[in-house]
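Because the structure is predicted, anything quoted here is derived from the model rather than measured.
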Protein chains: 2
Amino acid sequence: MLSDIEIAQKAKVKPIAEIAKKLGIPESAMVPYGHTKAKIALDYIDTLKSKPDGKLILVTAISPTPAGEGKTTTTVGLGDALNHIGKKAIVCLREPSLGPVFGMKGGAAGGGYAQVVPMEDINLHFTGDFGAIQLANNLLAAMIDNHINHGNELNFDVRRIAWKRVLDMNDRALRQITVALGGPANGFPREDGFDIVVASEVMAIFCLSTSLKDLKERLGNIVCGYTKDKEQKPILAKDLKTHGAMAALLKDALAPNLVQTLEHSPAFIHGGPFANIAHGCNSVLATQTALKLGDYVVTEAGFGADLGAEKFIDIKCRKAGLKPAAVVLVATIRALKYHGGIEVKELSKGENLEALAKGITNIERHVNNIRNNYGLPCVVAINHRTEDTDAEVKLLQDKLAHHGAKVILARHWAEGGKGAVDVAKEVVRLCEEPNDFKFVYDEQLPLWDKMKAIATKIYGASDITADSKIRAQIKKLQEGGYGHYPICVAKTQYSFSTDAALRGAPSGHVVNIREVRLAAGAEFIVLVCGDIMTMPGLPKVPSACSIDIDDTGKITGLF
Amino acid sequence: MLSDIEIAQKAKVKPIAEIAKKLGIPESAMVPYGHTKAKIALDYIDTLKSKPDGKLILVTAISPTPAGEGKTTTTVGLGDALNHIGKKAIVCLREPSLGPVFGMKGGAAGGGYAQVVPMEDINLHFTGDFGAIQLANNLLAAMIDNHINHGNELNFDVRRIAWKRVLDMNDRALRQITVALGGPANGFPREDGFDIVVASEVMAIFCLSTSLKDLKERLGNIVCGYTKDKEQKPILAKDLKTHGAMAALLKDALAPNLVQTLEHSPAFIHGGPFANIAHGCNSVLATQTALKLGDYVVTEAGFGADLGAEKFIDIKCRKAGLKPAAVVLVATIRALKYHGGIEVKELSKGENLEALAKGITNIERHVNNIRNNYGLPCVVAINHRTEDTDAEVKLLQDKLAHHGAKVILARHWAEGGKGAVDVAKEVVRLCEEPNDFKFVYDEQLPLWDKMKAIATKIYGASDITADSKIRAQIKKLQEGGYGHYPICVAKTQYSFSTDAALRGAPSGHVVNIREVRLAAGAEFIVLVCGDIMTMPGLPKVPSACSIDIDDTGKITGLF
């Protein structure tokens with residue numbers, strides 16, 4: 001069996017100009033990056049505004065497990081399948097971060113016969129967008145410490161700097177550091193830390209911006225820190241006059257990247273915010289552009305349907321005025337058995353209907369959320385594995401029958417687009433159905449009530465709690481003019497609860513808010529419920545050790 | 001009068017495909033980055049090997065002063081002038097670092113009517129090469145701390161880690177830090193620091209590599225740290241199995257970037273190592289490629305002719321088998337008066353023959369070094385300023401008459417290529433003269449004697465010194481198999497001595513070696529003589545505050 005990279009390297013990749021032409025993009029609007037990648041010029045995108053939108057299809061998943069679900073693979077496979085049945089479909093994905101590429105999880109360009117290419121480029125800093133975001137983020141950080149060093153006119157409290165530096169690297173040694181040591185020439189010592197670049201607020205802003213103007217305004221609104229006085233007033237990036245230079249650094253990056261799938265379906269890959277402390281979807285500009293150019297746009301959101309899909313709807317769709325037409329919920333039989341209590345090592349031991357039945361509670365909750373709380377029609381796509389038994393598939397189909405979502409086996413991983421034709425047909429059907437799309441909460445509700453709505457409606461929690469300090473912070477934001485912002489929940493992706501070990505569909509739990517972060521540029525409030533890791537570490541044997549390149553430039557070991 | 005960026009933005013930039021075509025580069029060998037930038041594919045460059053080389057012209061300068069000399073401007077202007085008189089000339093430059101762009105000095109794309117374009121792109125992370133180098137550097141750093149965290153099999157002494165992280169940012173707060181704080185999950189705490197990306201050994205390696213194979217081998221030889229035992233054995237990047245992934249990150253970056261001057265002369269801009277702890281020249285691959293494609297190649301080296309030119313010759317030319325045909329030594333009357341003791345504020349006070357006569361000692365020493373110690377013919381190009389008086393120019397010409405270098409006024413800044421035609425004609429003439437090109441020292445000399453040769457022959461020093469600890473380190477390297485490496489001197493660029501305040505041409509001083517660094521991947525030994533800054537800081541009012549971008553993407557405030 002061929003590895004992902006072998007399949008990708010055997011593929012005949014078409015010139016990107018050909019893919020763009022098929023979409024009606026004039027050559028003058030293409031900004032080529034080599035012959036198989038291009039950015040689409042922002043001024044051309046502006047001219048598309050009056051065109052009608054295609055149908056937006058969200059691919060989401062059950063609560064993630066170490067067994068793997070295959071969300072990106074399904075997004076790519078469904079895009080190919082829609083094209084296969086004669087529809088004009090475009091895929092929209094996030095850009096891979098180098099953290100998982102060099103760490104353990106690998107790249108994010110799909111897998112098997114459902115991949116985007118050139119996979120090596122896409123996985124290895126691509127067109128440089130993350131580099132630009134890193135620079136914009138770190139320019140602001142340098143400007144903050146520099147301002148303090150040169151007299152601190154804005155009266156920063158060095159204990160309340162709210163801006164970290166970032167790198168696109170899993171580097172645990174940078175999580176907690178002290179900076180500006182070594183005497184007066186190096187500034188005022190303080191505690192600090194690095195995040196990975198996908199956790200930068202600049203990444204979230206980049207992905208939510210609808211124009212260069214919007215981008216610059218949002219960058220200007222970033223809260224860098226607070227004044228050292230009783231009022232603790234926020235100090236913004238525009239107070240430091242840094243937002244213009246930050247936007248200048250991002251000028252090329254902001255244009256969406258166009259590539260292709262193995263079957264030459266067009267794919268926009270642009271931006272990649274974390275799905276915990278940020279909203280976890282590709283850029284608004286990429287999605288909006290794809291909707292103008294295609295009849296069907298297949299996109300994905302991070303983590304499971306409780307986190308990524310909720311943020312996709314309540315943050316991205318709300319703010320960008322997007323209206324999804326249908327949802328594909330991805331699962332594997334294997335992952336559902338894991339949710340039923342089977343450990344990873346035991347998963348290959350064959351049919352286990354009992355565990356599956358238990359694990360199905362997880363997918364049932366997600367299906368119900370999608371249909372009832374998001375008001376969207378839904379199909380369940382089971383990423384087929386050879387070890388899945390007929391009885392297992394039938395059990396899942398039976399269990400979900402009364403929830404109003406068809407369960408369809410998808411074989412795009414092994415067969416490419418034609419393996420997902422049944423899913424594609426069902427998606428087309430669902431897109432024609434009237435839907436009752438709605439947000440989980442009204443924007444005008446108080447912050448506390450919004451969080452409660454998410455926790456009780458989506459997570460199945462009985463209530464939310466927070467100690468008085470956190471409540472006071474939320475109150476301050478509510479009164480400080482940030483009450484209309486949506487909530488971005490940062491919690492474990494592995495469970496509906498805040499305890500990663502609680503698989504299946506835990507109910508009646510209490511969600512405790514441990515930390516509040518204002519993302520004034522991204523325009524949401526992050527409520528942290530549990531430990532979240534914004535700078536991952538490398539494993540004992542990182543993937544980086546296996547990645548190699550030969551004298552001719554051929555890369556191996558990437559997956 | 002128009003600013004540099006206004007001139008650049010008014011320029012009619014030709015499609016880069018047209019520039020490449022003029023050079024005979026087939027379209028299939030072009031890797032476009034937008035329509036006005038391209039990389040030239042490495043496999044095409046391979047096919048050029050049997051072609052004869054053009055003439056290599058080095059542009060260098062007097063010891064730098066705050067008054068400004070205009071080395072890059074002259075390099076660009078001379079390239080245009082050579083094309084103007086019907087020669088096929090190519091310019092080779094270093095890529096600008098964002099440190100000076102956001103700090104004080106500004107970009108590095110030339111000035112006035114002698115610029116390379118698109119200047120905004122070139123100055124603002126260009127084709128992403130520095131980003132790739134940053135990632136390769138920081139991957140190795142993360143792998144080192146990760147290895148130590150997971151058991152430290154290679155027995156790193158955490159007090160003797162020899163690898164720093166880098167960012168392309170002036171950020172003084174990162175000069176001296178402590179990392180891995182916060183408990184066992186974050187690793188073993190230690191002192192650390194960041195350098196700016198141009199100071200990374202990966203940058204030096206990148207610029208000295210002649211192929212992807214050579215690059216990977218050199219990356220593998222980087223010394224990451226030393227073992228915690230009596231032997232203190234070096235631990236290499238290849239021991240950590242990281243060089244393959246590092247090379248994979250650099251695969252696109254390694255191909256040279258092609259752009260154009262305002263007058264459409266081809267310009268390769270590739271790589272940009274510091275001229276203090278590294279060798280300060282653009283990539284070998286860019287220079288070699290330009291020599292195959294042009295009849296004249298005009299390139300520059302960092303700082304003055306004592307530092308940049310010496311390293312260009314003793315490191316880059318020696319290692320890459322390059323043989324320069326002529327040298328252009330750049331100066332301004334203003335800068336020479338500064339060398340004669342006049343402070344910057346006083347420089348605009350009109351003619352001052354006395355100060356000029358005193359300052360000319362600096363240029364005399366450089367001319368003599370170029371002609372006698374490098375064995376190369378030389379022309380002095382005076383970057384003309386309107387305030388220069390005839391008497392001042394005549395004094396300089398008279399003083400240099402017996403040194404065998406013509407003094408020619410150059411007006412490319414105001415007039416473009418035609419303003420430097422006289423310099424170009426002299427350069428063409430010099431290139432036809434036989435020359436006696438030689439290195440400052442023989443590679444086989446002991447390290448100590450090589451340093452002494454540079455100091456006494458080039459700097460005019462009487463001797464070199466070092467305390468016993470430093471002598472022991474040099475001895476250890478000499479005996480450890482590194483004795484045949486060239487020396488890369490890191491010292492102040494402002495003086496022939498190690499005291500930045502000693503202008504003109506100090507003699508008889510003693511050069512003290514304060515620190516020794518092995519660059520086993522770059523294959524040179526850095527001898528640090530004085531304070532050197534590998535992470536600059538931002539000034540009180542950084543240029544970043546003035547850089548802006550409007551809604552249409554037009555950038556202002558860049559210079």
Would you mind checking which part of A/Met535 comes under 4.5 Å of any heavy atom in chain B, side chain (CB onward), backbone (N, CA, C, O), both or neither?
-> neither

Most heavy-atom pairs under 4.5 angstrom with chain B, which of A/Pro32, A/Gly34, A/Gly557?
-> A/Pro32

Interface moiety of A/Ile547 toward chain B, non-hydrogen atoms closer than 4.5 Å | both

Segment of B/Ala38 engaging chain A (4.5 angstrom heavy-atom cut-off) | neither

Tell me, for B/Ile555 versus chain A, whether the close heavy atoms (under 4.5 Å) come from the side chain, the backbone, both or neither.
-> side chain

If you count heavy-atom pairs under 4.5 Å between each of A/Gly193, A/Gly182, A/Ala248, A/Ala141 and chain B, which one has the most?
-> A/Ala248

Side chain / backbone / both / neither for B/Glu217 at chain A, heavy atoms under 4.5 Å = neither

Chain B contact via A/Ala41 - side chain, backbone, both or neither, heavy atoms under 4.5 Å | neither

Any side-chain heavy-atom pair of B/Ile40 and B/Asn257 under 4.5 Å | no

Residue from B/Leu98, B/Leu124, B/Leu135 scoring the most non-hydrogen pairs under 4.5 Å with chain A is B/Leu135

Which pair of non-hydrogen atoms, one from A/Trp163 and one from A/Asp192, has the smallest distance, and what is that distance?
-> O-OD1, 4.3 Å

Tell me, side chain or backbone of B/Asp214 under 4.5 Å from chain A's heavy atoms, or both, or neither?
-> neither

Region of B/Pro542 in contact with chain A, defined by heavy-atom distances below 4.5 Å = side chain

Indicate yes or no: does B/Asp548 engage A/Lys241 in a salt bridge with an N to O separation below 4.0 Å.
-> no

Could you go through the side chain to side chain donor-acceptor pair (under 3.5 Å) check for B/Arg165 and B/Asn137 one step at a time?
-> CA-CA 7 Å; B/Arg165 289 166 177 84; B/Asn137 182 103; over 6 Å; no

Below 4.5 Å from any heavy atom of chain A, which atoms of B/Glu191 appear? Answer side chain, backbone, both or neither.
-> neither

Chain A contact via B/Asp43 - side chain, backbone, both or neither, heavy atoms under 4.5 Å | neither

Using a cut-off of under 4.5 Å on heavy-atom pairs, state which of B/Gly151, B/Ala173, B/Ala142 scores highest against chain A.
-> B/Ala173

Do the side chains of B/Asp145 and B/Phe188 get nearer than 4.5 Å, heavy atoms only?
-> no

Is the shortest side-chain N to carboxylate O distance from A/Asp195 to A/Arg175 below 4.0 Å?
-> no

Against chain A, work out which of B/Leu254, B/Ile148, B/Leu42, B/Asn146 has the most heavy-atom pairs shorter than 4.5 Å and name it.
-> B/Asn146

Name the member of A/Thr556, A/Leu174, A/Thr242 that forms the most heavy-atom pairs with chain B at distances under 4.5 Å.
-> A/Leu174

Side-chain heavy atoms of A/Lys39 within contact of A/Leu258, under 4.5 Å | no

Within a radius of less than 6.0 Å around CE of A/Met533, do more than 12 heavy atoms belonging to other residues, nucleotides or ligands occur?
-> yes

Can you see which heavy atom on B/Leu154 is nearest to which on B/Ile235, and at what distance?
-> O-CD1, 3.4 Å

A/Leu167, part contacting chain B, at a heavy-atom distance under 4.5 Å | side chain

Relative to each other, are the rings of B/His147 and B/Phe156 parallel, tilted or perpendicular (30° and 60° limits)?
-> perpendicular

Heavy-atom proximity to chain B below 4.5 Å, by part of A/Asn149 | side chain

Side chain, backbone, both or neither: which part of B/Leu249 has an atom under 4.5 Å from a heavy atom of chain A?
-> both

Under 4.0 Å between a Lys/Arg side-chain N and an Asp/Glu carboxylate O for B/Lys216 and A/Asp551?
-> no

Side chain / backbone / both / neither for A/Lys540 at chain B, heavy atoms under 4.5 Å = both

Closest heavy-atom pair, B/Ser200 versus B/Val166, reported as atoms and distance to 0.1 Å, is CB-CG1, 3.9 Å

Relative to chain A, which segment of B/Phe194 carries a heavy atom at a distance below 4.5 Å: side chain, backbone, both, or neither?
-> side chain

Return the option, out of B/Pro539, B/Ala132, B/Gly131, B/Ala247, with the maximum number of heavy-atom pairs under 4.5 Å with chain A.
-> B/Pro539

Side-chain ion pair, A/Lys37 and A/Asp121, N-O less than 4.0 Å = yes

Walk me through it: do A/Asn138 and B/Asp171 pass the test side chain to side chain donor-acceptor pair (under 3.5 Å)?
-> CA-CA 9 Å; A/Asn138 292 341; B/Asp171 192 346; over 6 Å; no

Below 4.5 Å, heavy atoms only, C-beta onward: do B/Gln134 and B/Val202 meet side chain to side chain?
-> no

Pick one of side chain, backbone, both or neither for B/Ser211, based on which atoms fall under 4.5 Å of a heavy atom in chain A.
-> neither

Keeping the roles fixed (side chain from B/His243, backbone from B/Leu236), state whether a donor-acceptor pair exists under 3.5 Å.
-> no

Name the region of B/Ile177, side chain, backbone, both or neither, that has any atom closer than 4.5 Å to a heavy atom of chain A.
-> both

If one checks every heavy atom of B/Phe102 against chain A at 4.5 Å, the contacting part turns out to be side chain

Among A/Leu538, A/Thr552, A/Leu212, which residue forms the greatest number of heavy-atom pairs with chain B at distances under 4.5 Å?
-> A/Leu538

Would you say the side chain of A/Val31 lies within less than 4.5 Å of the side chain of A/Tyr33, judging by non-hydrogen atoms?
-> yes

Greatest number of heavy atom pairs closer than 4.5 Å to chain A - which of B/Gly537, B/Ala185, B/Gly187 | B/Ala185

Is it the side chain or the backbone of A/Arg190 that comes within 4.5 Å of chain B heavy atoms, both, or neither?
-> neither

So, the part of B/Leu240 with a heavy atom under 4.5 Å from chain A: the answer is backbone

Part of B/Pro189 within contact of chain A (heavy atom distance under 4.5 Å) = neither

